Each structure stands twice: as C-alpha cells, then as structure tokens.
Amino acid sequence: MIWQALSLQLGYNASLVAIGATILGIAAGVTGSFLFLRKRALVSDAVSHATLPGIGLAFIAMVALGGEGRFLPGLMLGAALSSGLGLLVIGWMLRRTRLTEDAAIGAVLSVFFGAGIVILTVIQSMQSGRQAGLESVLLGSTAGMLRSDALVIGTGGALVLLAVLLLRRPMLAVGFDSDFAAVTGTNVARIDLAMMGLVMAVTVLGITTVGLVLIVALLIIPAVTARLWTDNALRMVALAGLAGGLSAYIGAAVSATAPALPTGPIIVLASFVLFALSLALAPARGGVALLLRQIRFRRRVHRRQGLLALALGQPIHEPFTMALLAREGMARPDGVATEAGRAAAAKALLDEARWAALRGDPAHGLTASRYDGLTPIETVLTPDQIAELDRHLPRAQGVA
Amino acid sequence: MGAEFVALSLSPLLIGVLAAVTCALPGNFLLLRRQALIGDAISHVVLPGIVVAFLLTGRVAALPMMLGAAGAALVSVILIEAVRRTARIEAGAAMGVIFTTLFAAGVLLLEQSDTSGVHLDVEHALYGNLESLIWLDATGWSSLLDPMALAGLPPELPRMAGALVIVALAIAAMWRPLAIATFDEGFAATLGLPVRAIGLALVMLAALAAVAAFDAVGSIIVIAMFICPPAAARMMTDRLLPQVMWSVGFAILSAVLGYVLAGYGPLWLGFANSVSAAGMIATVSGLILGATMLFGPCRRRAGIAA
C-alpha cells in the first residue's frame, strides 16, 4: 500500500495531491533557508498562527454571502490578510516598544491564535452544516482535498519558487550581512518585506496540507538539515528544497494510505528523519564526523607526547600511548624505540625546539600564536625561514 | 445569579485565574531572559508526554500525565541544547526543529491510539475545555462551607492551586539569585551562583506551570499567559517586583474579563451560544498588552525619542 502510494498509483486525485504537496514542500524548504540565514526562523511560527482569525472570518464572510465556506482561495486570502497584520504588529512592537523579538513573536502568536479559536467556536455554533472540517486547517488533511485545491497549491508553490529565483541575490546579501547590504545600496527593509511575504505565501498555501500549527516545521527543518551538509549558500537552498519536497511527498503519499494518518504530522516526522540522519552523517558537522575528528585528535596528541618521551628517554606510562606507538612500529611493546621510532622522535624533538625558538622571537608573534604542540613547523614556515631559525638553535639539540 | 453562578461559573473562573497567574509568574523571568518562546515550545511538547503517559497507563489520571509531560519538557530542553551544539545553529531554529517534531509525534500517537473512550484529543490539547469544569454539587454560595459539596469540586481546581503555590514559593525562595542571573548572567557566575542550574530550575518551573495549566485550560492560554501579562507589566514599570505584581494583576484581569466575555458577551449581543473561554482569555490579554504598549509609562526602550 505504501509502495503504491509512493509510486503514485493510488489514483489520479491522490497523485495530484502528492505532487501539489511536493511543490509546496520545495517552496517551503527554499524560502525557509533564507529565513534561517536571516536568523528569523521563529517569525514563521507567528505568521502561521496568525492566519487563524483570518481563515475564520473569511469563512464567515463567504457563508454570509451565500457561498461555500471552504472555498480555498477565499480562505487563503483571509489567512494572508490576518498574518500580514500579525507581521505589521510584530514590526511595530519592535520599533516602538522595548519588547524583544521573542516576546513580540510569542505575543502575536498566542493572541491571534486565541482570537482565531474564538472565531472557530462562533462558526461551530452557526446554523450551517457546511463548516465541518474547518478544524482541518489546524493539523492539515489532504483527505477532502479537491483537484482545484491541489492545482492552487502547486501553482502557488511554483510562483513562490520563481520569486525566490529572482530575489535570491539580494536576499542572500541581506541574510549574510544586512549592514553591508545596506551600504552597497540594497533596500534592506524592502527585501525583508519580500522575504516575509514569501514566508506568508508558503504558510497560506500550506494550511490545508500541513496545517497551520506545523507549517513552521516545513520552513525550518529542511533549512537546518541542508545547513549541515554544505557551507555554500545556494547549494544549501537547493538542498533545503530537496529535503522539503521529499518530506512533503512522503507525508502526502503515506497519509493517503490510511485515515488515521494525518498529513501534517507525517510530513513533519519525515523531515525530522532526514534531519536526524543528516545530524549523524553529514561530513563536516555531523555527529559521526565529530566523533572521528575527536578520535583522530586524541591519537595525534598521544603520538606526539609519546615520541617526545622516546626522544628524551623518558618512560611511557600511558597504556594508550604505548599501544599506539607499538601499533605504528615506533616502539617495541617494552618501550624501547625502533629505528623508525627514533627518527620520528628526533624529528618531533627538533620541531619542539624550533617552535620554542620561534616563540621566543617577538618578530614571529603572529606565527607563534599558532603553536598547539601538534602542528609541524613546516606547515607554517618556509624552508628559508626554518633555516634562518635553525641558525639560532642551541647546537646541542640540533639533529640534522 | 447566585446558585447558578456558583455551580457553573465559579470553578472555571477560579481555575482560569489560577492558571493565568501560575503561568505569568515564571513568564516574567523568561521574558527578561529573552526566552519567552520557551513557554511556546514547552506547551507544544507537553502533548506527546501526556499521550505517552496515557498509552503506558491506559487511563486518564493526573499524576502519570503530569510526570509524562514534565519528562517530555525535560527531554525537549535537552534535545534543543544537543541540536544547537552539535549542528552549531541558533537556538531559535533548534527550538523550531524539536518542538514541532515532538508535537507532530504527539498528534500522530494520539490519532493512532484508541482514545475514543477518553477525553483526549488535539482540539482539547490546544484550547482546553474550561467551560466544562463545572461544580455540579453546588447549590449556592453556602456550598462553599459544605464539606460534602466541596468534595465534588473539579479536581483541576486543587491541582492548579497546588501548582500555583509551588511555583510562587519556588520563585520567592530563589528570588535574589534568580534576579541576578536574569539581569546579568556573567556577574551571577562570578558571584559563584550556579547559573546553569538556576536557568534549568526556571525552565522546570515553567514546565510545571504549563503542565498543570495545560490539563485544565489547554496550551493556548499557557502561551498567552507566559508572555502577554509580563510583557504588559514591562510597559508599566522598570522594577522587578512591581513588574511581577503588575503581571499578576493583568493575568487575573485577563482571566476574569475573558471568561465573562466568552460566557456572557455573545448573550448580550443576542447570540445563543457562548464562545471559547480559553481563546477569549488569550484575546483579552492581547488587548491589555496592546493598551499598555500604547499608553504604558515605560513602554519605550531607553534612547527612543517619544
């Protein structure tokens, strides 16, 4: 069943929904990575919660005008208006009062959401059977999604992607260094506004699929996942799009297989699985890589200290050092240095002596600060400099 | 008014007030430490904790659920810190990763498990059901002195009162170190104060408040009360103790006004049904915050022209 869903064999409608969700996921990942670079990830939480009163009011207005209350574009318009208002309020609070950004986000989030809940209970008591399912905007559900809804979501997602493509340069500049961007002539306030507009668009498109409580996850988690893999901004944006699209696709497909599998949570959990895998396996920032680096560092320290001990004829008490030297053929298990060990030990000792000379010379101040007891001196000085250094070494220690 | 009010409104009103104050107290310090969104995160992760406790014990009981929720709060704090350090990303993003994931897991567990026979669903988790906590045994004000009737009080009331006492006593007990660590963590560390332990203790107090209030009124009040009354109080004064007092006052005002408006407001306007009390309390607290932001004497940051 799940394989059928993943290979788009559950019928035309389910496939269309999955494709629409995938485009939305890509748009969310891409947009979210700019938000993450701007260090404003949690603003999206306020944006998404602030859509609720607008959704409720739009529903009431559409029913009052004799229309269908769940008409998606209408709900989206209401959602966009009220989350836009929420954003304005946050901006005003930051400019005009002493409150910090986290307090402004939390206040707007909770108050707008509370007002939305009030409006939802008003709708529940209205004399209309058609409002059934407006609660689905909270946690998302693709079950009752119409073909036109999927088309709206897919088209909207594609438009968001197009806008990001056009705005990627200034948004990156602002994300990395807003002061520098301002100096070079970028209108930072306008770019920030555009970025928030894109976030709002993703949120509004996502209310029916992911739900407004969890859409923030689709903006944050893929971006953080992508950040683990690369230090190149545009590559990160592309990877975030990939992660977001994949999560949304898996979520929409899997949740189509059973009624008790709500779409939003599955999408979020799928994106978290990608994140957790990345956190473990990513090449530079992952947990495994971190562990390997630590082990390698420990070995270097022990090898160096062991070699110095051999060179000075001191006994080695640390079992790990002894085992390491023995394994690398530097010393016999009883602690006597081999031929290779003696050479390496002499080299280590010479290195230390050169470093000591270097650090005693004020002219080398900056280079001397790179001394960590591990780095071979050849990696920081040219052969000429080393030769110059060697002329000042005490002859007794010189081992050519 | 009398008998009906005592039976139907007194206990939800009291529970609302107690929940609001319990959350507002630690909220003051979270706000000053710029950790206001911790309350948001905690109130989301409480859900999986409660669901897991329910699945393990098979019944809706207070103690296991409190333990489950507190455990989930602790786990989330640890996970957020672990993600922040391992991935080297900003705290906000790490928080966003963890609390949304845990909340999603909670929702999924809830939908997958058979909870049809018990009062546990996502809507209840989000905005509680304050109105249902009525005191059936009450016949009038005299019931307050009647031990038989008092025994029929909703159990959320004494539990919420207990949580308030614990939170208030704990904050009073660590007032000085907490205040110092809040305003200047570096200075507190040089004084030899256990800064990290103080921070964790505050988060645990917030978790306790969130868990107790969550059970009675849902997470939306919890988030609103963590932030709005302390933020409004911040507009009124520059001193810590008066700020805490103001926030308690605002919390009580929000709860009472919100409850009354939700219960009776629609009737005054000619509608038959009341609206969500939890949502209305959050809305009122926002309106109070809005008023103080416009007119409060200390609303501006130092250095901003009037």
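Being a predicted model, the structure only gives us computed values, none of them experimental. Proteins get letters first, then strands, A, B, ... in listed order; numbering begins at 1 in each.
- Between A/His49 and A/Phe113, the ring planes are perpendicular. Angles over 60° get that label, and only those under 30° would be called parallel.
- Among the candidates B/Ile98, B/Leu287, B/Asp40, B/Leu31, the residue making the largest number of heavy-atom pairs closer than 4.5 Å to chain A is B/Asp40.
- Of the two parts of A/Leu214, only the side chain, counted from C-beta on, holds a non-hydrogen atom closer than 4.5 Å to a non-hydrogen atom of chain B.
- Each of B/Ser276, B/Ala282, B/Gly286 has some count of heavy-atom pairs under 4.5 Å with chain A, and the biggest count is that of B/Ser276.
- Among the candidates A/Ile105, A/Asp45, A/Val122, the residue making the largest number of heavy-atom pairs closer than 4.5 Å to chain B is A/Asp45.
- Counting heavy-atom pairs closer than 4.5 Å to chain B, the top residue among A/Leu35, A/Val268, A/Ile266 is A/Val268.
- Side-chain atoms of A/Ser33 come within 3.5 Å of backbone atoms of A/Gly29 as a donor-acceptor pair (strictly under, hydrogens ignored).
- Listed options A/Ala104, A/Ala107, A/Ala41 were ranked by heavy-atom pairs under 4.5 angstrom with chain B; first place goes to A/Ala107.
- The candidate with the highest count of non-hydrogen atom pairs below 4.5 Å against chain A, out of B/Met280, B/Arg34, B/Met95, B/Arg88, is B/Arg34.
- Only the backbone of A/Ala284 comes within less than 4.5 Å of a heavy atom in chain B; its side chain stays farther off.
- Note that the CZ atom of B/Phe226 and the OG atom of B/Ser219 stand 11.0 Å from one another [nearest 0.5 Å].
- Comparing B/Pro230, B/Gly92, B/Gly290 by how many heavy-atom pairs each has under 4.5 Å with chain A, the most go to B/Gly92.
- Across B/Val284, B/Val222, B/Thr86, B/Val97, the residue that shares the most heavy-atom pairs under 4.5 angstrom with chain A is B/Val97.
- Heavy atoms of other residues, nucleotides or ligands lying less than 6.0 angstrom from CZ of B/Phe183 number more than 12.
- Heavy atoms of A/Phe36 lying under 4.5 Å from chain B belong to its backbone as well as its side chain.
- Distance CD1/A/Ile221 to OG1/B/Thr101: 3.5 Å, rounded to 0.5 Å.
- With a 4.5 angstrom heavy-atom cutoff, B/Leu289 touches chain A only via side-chain atoms.
- Chain A forms the most heavy-atom pairs under 4.5 Å with one residue out of B/Leu108, B/Leu30, B/Ile281, and that residue is B/Leu108.
- If you measure heavy-atom distances from B/Ala93 to chain A, the contacts under 4.5 Å come from both the backbone and the side chain.
- Here the straight-line distance linking atom OG of B/Ser247 with atom CD1 of B/Ile227 works out to 13.0 Å at 0.5 Å rounding.
- In terms of modelled atom types and a separation under 3.5 Å, the side chain of B/Arg234 and the main chain of A/Leu99 share no donor-acceptor contact.
- Both the backbone and the side chain of A/Val118 come within less than 4.5 Å of a heavy atom in chain B.
- Side-chain atoms of A/Thr100 and A/Asp102 include a donor-acceptor pair closer than 3.5 Å.
- Within a 6.0 Å sphere centred on CZ of A/Arg235, heavy atoms belonging to other residues, nucleotides or ligands number 12 at most.
- At distances below 3.5 Å, not a single donor-acceptor pair connects side-chain atoms of A/Ser48 with backbone N or O atoms of A/Val213.
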